[in-house]
Amino acid sequence: MRSGVLTASVAMAVYNGEKYLQEQLISILQQLDREDELIVSVDPSSDNSWALLQQYAKEDSRIRLLKGPGQGVIANFSNALQNCGNDIIFLCDQDDVWVHEKINKIKKVFLEQNVDLIVHDALIVDKSLNPDRSETTFFAWRKSKDGFWRNIMRNSYIGCCMAFKRSLLDVALPFPKDLPMHDQWLGLLAELTGEVCFYPEILIKYRRHGQNVSASQHSGIMQMVKWRADLVTALLKRWRKVRRYRRK
C-alpha cells in the first residue's frame, strides 16, 4: 500500500454465468483504478462465459482469467482468492450489478476506520433488476449486525457484499474441506481476529433469479444443524492459527 492509497483485487467465481455476466463486468470495470485487478476463476461451463471473458481480458489488462478446479463454488472462489495480490479483496458474484463508486467508498472506510472486513447493504432485485416487493434490502431482510454467535445462528456474511484486508487470507486459507460456505467462514474469522463493519449504504443490486448459490436459499433443519457443527469444528481446528494472527 502506498501512503494513503489502497489497491483492490476483485475475486469473481464464474460458472455458466453468461446471461448476466456482461452487465456485472461493466459495472465493475468502470470503477477499477489502474492498479486494481479483477481475478476471475471460471469453472468448466456449457455456455460462452469463457469466450466472453477472454474478449474482455484482451481489451483490459486489469482482468486475469483462471481455469477453475470444477469442484464447486467454494473451491472456485478459493482459486480466485489465492491469486489476489492487492491490499483489499472484494468478493464478487457473476450476476449482480455494482453501484457506482462502490470500490472507492469501501476503500475510504478502510482508510478511515480500523477494520479488517466490511459488509455493506444491498438492494434485493429480481432477474430484471426490479426491486423485490416483498423484501427491501439485505440488511433489513436478515436483520444484519455483527456478533460471532449471532452469525453462527443467523448468518449475515454474504460474499457479494464483502471486502476484507488481504492479510485475512493468512488465517482463512486453505478453506476447510467440510465448509458450508466461504463467506460466513471469512466473516467469522474476521470477528475472531479483528474488527468488522456493517456499512449501511446500498452498494450493489443483489439479483435473485432462482439459481443463486446464496443466503436466500433455505435447507432442512438437520442440514443446517450439520453445517453449524461443521463450521464450529473447522474454527476450533483453525484456532492455533487464529491466535497467532491476533498477536500480529
Side-chain angles (χ1 to χ4, degrees), residues 1-2 4-108 110-111 118 120 122-123 125 127-129 159-166 169 182-183 202-209 211-214:
M1 179 184 75
R2 302 196 312 273
V5 178
L6 293 173
T7 57
S9 296
V10 179
M12 176 188 281
V14 170
Y15 171 70
N16 284 337
E18 179 188 13
K19 185 173 183 180
Y20 303 114
L21 186 55
Q22 187 166 5
E23 199 169 13
Q24 174 69 306
L25 288 171
I26 291 170
S27 76
I28 295 166
L29 293 172
Q30 65 187 4
Q31 303 187 37
L32 292 180
D33 289 336
R34 183 175 60 183
E35 295 182 3
D36 294 338
E37 61 182 6
L38 172 59
I39 307 299
V40 189
S41 180
V42 188
D43 266 350
S45 300
S46 58
D47 66 3
N48 291 317
S49 294
W50 181 258
L52 175 63
L53 285 160
Q54 280 186 311
Q55 179 182 342
Y56 271 86
K58 287 177 182 177
E59 299 172 359
D60 195 323
S61 61
R62 298 171 301 178
I63 302 174
R64 184 147 61 100
L65 301 184
L66 308 169
K67 292 284 189 180
Q71 299 172 2
V73 63
I74 297 176
N76 206 15
F77 266 111
S78 177
N79 189 45
L81 289 170
Q82 290 175 63
N83 287 277
C84 290
N86 285 341
D87 303 314
I88 302 299
I89 298 175
F90 291 77
L91 295 178
C92 178
D93 289 348
Q94 65 190 15
D95 44 13
D96 300 321
V97 173
W98 286 17
V99 171
H100 184 61
E101 288 292 302
K102 162 175 164 154
I103 292 178
N104 283 339
K105 287 180 178 180
I106 294 299
K107 284 181 178 180
K108 188 171 186 287
F110 275 111
L111 287 170
I118 297 169
H120 63 74
L123 180 67
V125 298
K127 63 182 181 181
S128 301
L129 299 180
C160 61
C161 298
M162 286 168 51
F164 52 89
K165 293 180 179 177
R166 186 180 181 277
L169 295 182
H182 59 285
D183 41 12
I202 293 170
L203 293 179
I204 71 165
K205 295 179 181 180
Y206 171 45
R207 193 187 323 245
R208 288 169 59 178
H209 47 79
Q211 297 176 334
N212 309 66
V213 181
S214 71

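In this text, all values refer to a predicted model and were calculated from it rather than measured experimentally. Values reported hereafter were calculated over all heavy atoms of this structure, with side chains retained and with hydrogens, waters and symmetry mates removed.
Proximity of a side-chain donor or acceptor of D93 to a complementary backbone N or O of C161 within less than 3.5 Å is not detected. A donor-acceptor pair is defined here as one N or O able to donate and one able to accept, closer than 3.5 Å; such a pair exists between the side chain of S45 and the backbone of N16. Side chain of E35 to main chain of T7: no donor-acceptor pair is present (N/O by atom type, distance under 3.5 Å, no hydrogens or angles). In terms of modelled atom types and a separation under 3.5 Å, the side chain of R62 and the main chain of L32 share a donor-acceptor contact. A donor-acceptor contact shorter than 3.5 Å links the side chain of D47 to the backbone of E18. With N83 contributing its side chain and N79 its backbone, the two residues share a donor-acceptor pair below 3.5 Å. Side-chain N or O atoms of R64 include none that pairs as donor or acceptor with a backbone N or O of A57 at under 3.5 Å.
Under the 4.0 Å criterion applied to side-chain N and carboxylate O atoms, R207 and E23 are assigned as salt-bridge partners. Contact check on D33 versus K107 returns a salt bridge, with a Lys/Arg side-chain nitrogen under 4.0 Å from an Asp/Glu carboxylate oxygen.
Counting heavy atoms from C-beta on, the side chains of I63 and L29 come closer than 4.5 Å. At a threshold of 4.5 Å between non-hydrogen side-chain atoms, the residues V125 and Y206 do not count as touching. Counting heavy atoms from C-beta on, the side chains of M12 and I39 never come closer than 4.5 Å.
Within a 6.0 Å radius of OH in Y15, no more than 12 heavy atoms belonging to other residues, nucleotides or ligands are found.
Counting only N and O atoms by type, the side chains of S9 and E37 include a donor and acceptor under 3.5 Å apart. Side chains of H120 and K102: a donor on one and an acceptor on the other come within 3.5 Å.
Minimum interatomic distance between G159 and D183 (heavy atoms only, all atoms of both residues): N-OD2, 2.9 Å. Across every non-hydrogen atom of V14 and Q94, the tightest pair is CA-OE1, 3.1 Å. The minimum heavy-atom distance linking F90 with A8 is given by the pair CE1-CB, 3.7 Å. Considering all non-hydrogen atoms of both residues, A122 and I202 come closest at C-CG2, 4.0 Å.
With L38 as the partner, the side-chain contact (heavy atoms from CB on, under 4.5 Å) test is satisfied by one option alone out of V10, D60, L65: V10.
The CZ atom of F164 lies 9.5 Å from the CD1 atom of I88; values are rounded to the nearest 0.5 Å. Going from atom NZ of K108 over to atom CD1 of I118 covers 11.5 Å, rounded to the nearest 0.5 Å. The structure places CG of L6 at 9.5 Å from CG of D36, a figure rounded to the nearest 0.5 Å. Expressed to the nearest 0.5 Å, how far OG of S49 lies from CG of L21 amounts to 5.5 Å. The CG atom of L52 lies 6.0 Å from the CG atom of L25; values are rounded to the nearest 0.5 Å. For the atom pair CG of L123 and CG of L129, the computed distance is 9.0 Å after rounding to the nearest 0.5 Å.
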> Should L203 and K105 be marked as a side chain to side chain contact (heavy atoms under 4.5 Å, CB included) after you check the CA-CA gap, both sets of side-chain angles, and the distance that decides it?
Replying inline: CA-CA 9 Å; L203 293 179; K105 287 180 178 180; 3.9 Å; yes
>> Before you tell me yes or no, could you show the steps for W98 and I103 under side chain to side chain contact (heavy atoms under 4.5 Å, CB included), namely the whole-Å CA-CA distance, both residues' side-chain angles and the distance that decides it to 0.1 Å?
In response: CA-CA 9 Å; W98 286 17; I103 292 178; 3.7 Å; yes
> Hey, mind stepping through Q22 and Y56 against side chain to side chain contact (heavy atoms under 4.5 Å, CB included) and telling me if it holds?
Replying inline: CA-CA 9 Å; Q22 187 166 5; Y56 271 86; 3.0 Å; yes
>> Using the rule given for side chain to side chain contact (heavy atoms under 4.5 Å, CB included), can you reason through L53 versus V42, listing the C-alpha separation, both sets of side-chain angles and the distance that settles it, and then say yes or no?
In response: CA-CA 9 Å; L53 285 160; V42 188; 3.5 Å; yes
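Residue pairs meeting the side-chain hydrogen bond (donor to acceptor under 3.5 Å, both in side chains) criterion with at least one member in residues 69-78, sequence neighbours excluded: S41-N76, S78-Q82.
Because its NZ or CZ atom is both nearer than 6.0 Å to the ring centre of W50 and within 45° of the ring axis, K67 counts as a cation-pi partner of that residue.
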